[in-house]
Asker: 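What follows is a single structure, and I will ask about it in a moment.
All of these numbers come straight from a predicted model, not from anything done at the bench.
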Amino acid sequence: MAANRSNRYRSYVQKSIFRYSFSIMLLLFILVFAFLFINIKWLTRAEGRKNNSKIAEVLEQEIIKYKEGLNDFAADYHIISVCKQQSDEQVVKANRLLYDFANSVEIRGAFILSDLQGNIISSNLYKDNQNIFLQSFLRISLINHMLNEPERTFIVPSHLNYSHNQAGDLILSRAVMDGGKVIGFLIFDLLDEEIYQAVYKYNVDDVILTDQYNNLVFSVGRSQSENFMGKYPVANSQFEKNHAITTEINGKHYLIIWNPLSNRELYLYTLVSINFQRSLFRYAISFIIVVGIIMFIMLKPLTVLIANKNLYAIDELRKAVIHMGKGDMEYSLRPQVFEEFQELHDTFRQMVLQREELQKRNSELAERKRVMEIKQLEEQINPHFVFNVLETLRYMVVIDASKASEMIVAFANIMRYSIYYGDTIVPLRTDIEYVKDYLLLQKMRYNRRLTYSIDIPEELMDCRVPKLVLQPIVENALKHGMKNVDSIHVKIAASIDNDCLKLIVQDNGIGIEAELLDRLKEDLEKEDVSKEHIGMYNSHRVVRLLYGPPYGLRIESTYGNGTLVTIILPINKGEENA
């Protein structure tokens, strides 16, 4: 039982428009969602990584410059000399060297050169700032470290409360040595304002610099950074794996990117706010959902409206066809219908009128003629064959009674098939069995003068063919091919070629003269003929009546070299009978 569902074209068009419109809407929503997600997940992160790398590169280069400067100054003759003997001339030269270096770097810093006792020899700090330095615990701690490891460059946070915009963030220091003995100390303190000027131009919300012990060195937003430092200590496993995480600080969401500097003596963190992107994402999703609901509600009536508008012409054409089916041939399409549908209506109407006229005159006559001619041909084949067999039996009864008995049994099988096998279309296997019985009878008659072979693939045996289509061709080969020859060989074969079933009957008999062959081919195309090749003509007419052109018989022959007859049939392995 067929499924109970609508199969109308209007429903199909409406559903198609709905599906396509919904698919486009869904695709647009997915693309917007993907863009917002990618913008937050990848584009913002990629931009943050890029800025972090640039800041890290600037800071790394400056730290390297200061380290190299410290190493050079620690071995410089003038610096060593002034630490040993503080003459005015030596102090001036040392001042010039240190000032020139401090002004040559991008991130400038304050410098302090002191002797072994901690007395300041040269400095660009204001006097009160020098006093702050001398009184700080940081100075004592630095001197102790440099005395213990005189060849090492120390990097420590500064945060001494200098005035006059000389506040520093990062100290780099090294001992000055002569002959393996410490004779002084050189300290550079990178200015907070200089570090800020080096990093503020990059599109980040905060830049945080810490030492390896998580002590804050520098930050654009110091209060925010204090909260951050307590929450994400150095060597956090998330940073070690990804170098970037997202977190919430003071109620705001940030993308934090981490980079180690100076062989992990310092750590750089850049913070990029993603609050705007998150808000945009939420608003966009809310907007998409609201718009989606509105469009979904409107989609159904819009689909019906568009379908009705586009199917108006088809509806008019359908009404016209229905009226024609009821016999109303005067129904006309409305003027609003497109020209193409009007042409289709007029052409169809003309075809219907012509068909009705032809059908009245020819339909019944054609069908009756077809049925009567096929039955008549089948009946004509049987008496023709019976006459030939009885003539053979007449001689065989006299020559060999036992063989005559075998012939009678074979003949009975043949007659049973011919008379009682009621189908017009039979399996090829059935018709071949009939031909075998026929050839057995002829073999008994001609003995060694006749040999035959049947070469048909097993997979073709179930193909359905017209009943008695082969026997008249074989009979014709024996009747005409054995004239003026001592013996004859008949070969029966079948094959598939160009989507057609080809049955081949080939003999090596006398063949057909060219003039007679041409006349025979012409006779095959006539609707009525009474010639000596009546059996061959009957087979051709049966095939043509059942299947029409181009099916039928093809005859090839060379006089003196035998004849080849090919029966071309459609491939039919079904169970339907004619």
Asker: Would you check if the side chain of Ser53 reaches a backbone N or O of Arg49 as a donor-acceptor pair within less than 3.5 Å?
Answerer: yes

Asker: Is there side-chain contact between Asn129 and Ile132, with heavy atoms separated by less than 4.5 Å?
Answerer: yes

Asker: Treating Gln166 as the side-chain partner and Asn124 as the backbone partner, does any N or O pair qualify as donor plus acceptor under 3.5 Å?
Answerer: yes

Asker: Strictly by side-chain hydrogen bond (donor to acceptor under 3.5 Å, both in side chains), give each pair with a member in residues 546-556 just once, sequence neighbours left out.
Answerer: none

Asker: To check you understand the geometry: which heavy-atom pair defines the closest contact between Ile171 and Ser158, and what is its length?
Answerer: CG1-CB, 3.7 Å

Asker: What closest approach, in Å, do Ala198 and Lys201 show between heavy atoms, and which atom pair accounts for it?
Answerer: O-CE, 3.8 Å

Asker: Would you say that Asp455 contacts Ile492 through its side chain, given a criterion of any heavy-atom pair below 4.5 Å between the two side chains?
Answerer: no

Asker: Which residue in the set Thr566, Val565, Leu564 passes side chain to side chain contact (heavy atoms under 4.5 Å, CB included) when paired with Gln506?
Answerer: Leu564

Asker: Indicate yes or no: at least one non-hydrogen side-chain atom of Asp169 is less than 4.5 angstrom from one of Leu190.
Answerer: no

Asker: If you count heavy atoms of other groups shown closer than 6.0 angstrom to CG of Asn165, is the number above 12?
Answerer: no

Asker: List the residues meeting side chain to side chain donor-acceptor pair (under 3.5 Å) with Asn259, not counting sequence neighbours, and say none if there are none.
Answerer: Asn52

Asker: For the backbone of Gln212 and the side chain of Glu265, can you confirm whether one donor and one acceptor N or O come within less than 3.5 Å of each other?
Answerer: no

Asker: One thing to verify: whether Asp462 and Arg429 come together as a salt bridge, which I'm taking to mean a side-chain N less than 4.0 angstrom from a carboxylate O.
Answerer: yes

Asker: Kindly assign one of parallel, tilted or perpendicular to the pair Phe101 and Tyr66, based on the angle between their ring planes and the thresholds 30° and 60°.
Answerer: perpendicular

Asker: Got a salt bridge between Arg108 and Glu193, using NZ or NE/NH1/NH2 to carboxylate O under 4.0 Å?
Answerer: no

Asker: Quick check: does any side chain N or O of Asp211 sit under 3.5 Å from a backbone N or O of Tyr213, one acting as donor and the other as acceptor?
Answerer: yes

Asker: Locate the shortest heavy-atom distance separating Ala110 from Leu191; write the atom from each residue and the value.
Answerer: N-CD2, 4.0 Å

Asker: Does atom CG of Asn161 have more than 12 heavy-atom neighbours, drawn from other residues, nucleotides or ligands, at distances under 6.0 Å?
Answerer: no

Asker: Got a sec: does the NZ of Lys65 have more than 12 other heavy atoms crowding it under 6.0 Å?
Answerer: yes

Asker: Heavy atoms only: give me the nearest Leu501-Cys463 pair and the separation to one decimal.
Answerer: CD2-CB, 3.8 Å

Asker: Check ring pair (Phe, Tyr, Trp, His ring centres under 6.0 Å) between Tyr196 and all other residues, then give those that pass, not counting sequence neighbours.
Answerer: Tyr200

Asker: Is the shortest side-chain heavy-atom distance between Arg174 and Glu149 below 4.5 Å?
Answerer: no

Asker: For Ser219, is there any backbone N or O sitting under 3.5 Å from a side-chain donor or acceptor partner on Asp206?
Answerer: no

Asker: For Leu170 and Ile107, run side chain to side chain contact (heavy atoms under 4.5 Å, CB included): C-alpha distance rounded to whole Å, both residues' side-chain angles, the deciding distance at 0.1 Å, then the answer.
Answerer: CA-CA 11 Å; Leu170 182 65; Ile107 300 177; over 6 Å; no

Asker: Is the shortest side-chain heavy-atom distance between Thr153 and Ser173 below 4.5 Å?
Answerer: no

Asker: Return the minimal non-hydrogen interatomic distance between Ser262 and Glu60, and the atom names on each side.
Answerer: N-OE1, 3.0 Å

Asker: Just do the side chain to side chain contact (heavy atoms under 4.5 Å, CB included) check on Ile473 and Ile567 with the steps written out, would you?
Answerer: CA-CA 9 Å; Ile473 312 303; Ile567 306 173; 3.9 Å; yes

Asker: Could you check whether any side-chain N or O of Asn51 sits under 3.5 Å from a backbone N or O of Glu47, counting only pairs where one atom can act as donor and the other as acceptor?
Answerer: yes

Asker: Look at Lys502 together with Asp497 and state whether they make a salt bridge at an N to O cut-off of under 4.0 Å.
Answerer: yes

Asker: Can you tell me if Asp192 uses its side chain to pair, donor with acceptor, with the backbone of Ala167 under 3.5 Å?
Answerer: no

Asker: How close do Ile425 and Pro466 get, counting heavy atoms only, and between which atoms?
Answerer: CD1-CA, 4.0 Å

Asker: Please determine whether side chain to side chain contact (heavy atoms under 4.5 Å, CB included) holds for the pair Leu28 and Ile30, giving the CA-CA distance in whole Å, both sets of side-chain angles, and the decisive distance to 0.1 Å.
Answerer: CA-CA 5 Å; Leu28 290 174; Ile30 291 173; over 6 Å; no

Asker: Heavy atoms, side chains only, cut-off 4.5 Å: are Leu470 and Ile432 in contact?
Answerer: yes

Asker: Using atom types as modelled and distance alone, determine if a side-chain donor or acceptor of Asp205 lies under 3.5 Å from a backbone N or O of Ser273.
Answerer: yes

Asker: Between Leu261 and Leu209, is there a side-chain heavy-atom distance shorter than 4.5 Å?
Answerer: yes

Asker: Side-chain contact test, heavy atoms from C-beta onward, threshold under 4.5 Å: evaluate it for Leu268 versus Ile208 and give yes or no.
Answerer: no

Asker: Any donor and acceptor pair, going by atom type alone, linking the side chain of His540 with main-chain N or O of Gly552 inside 3.5 Å?
Answerer: no

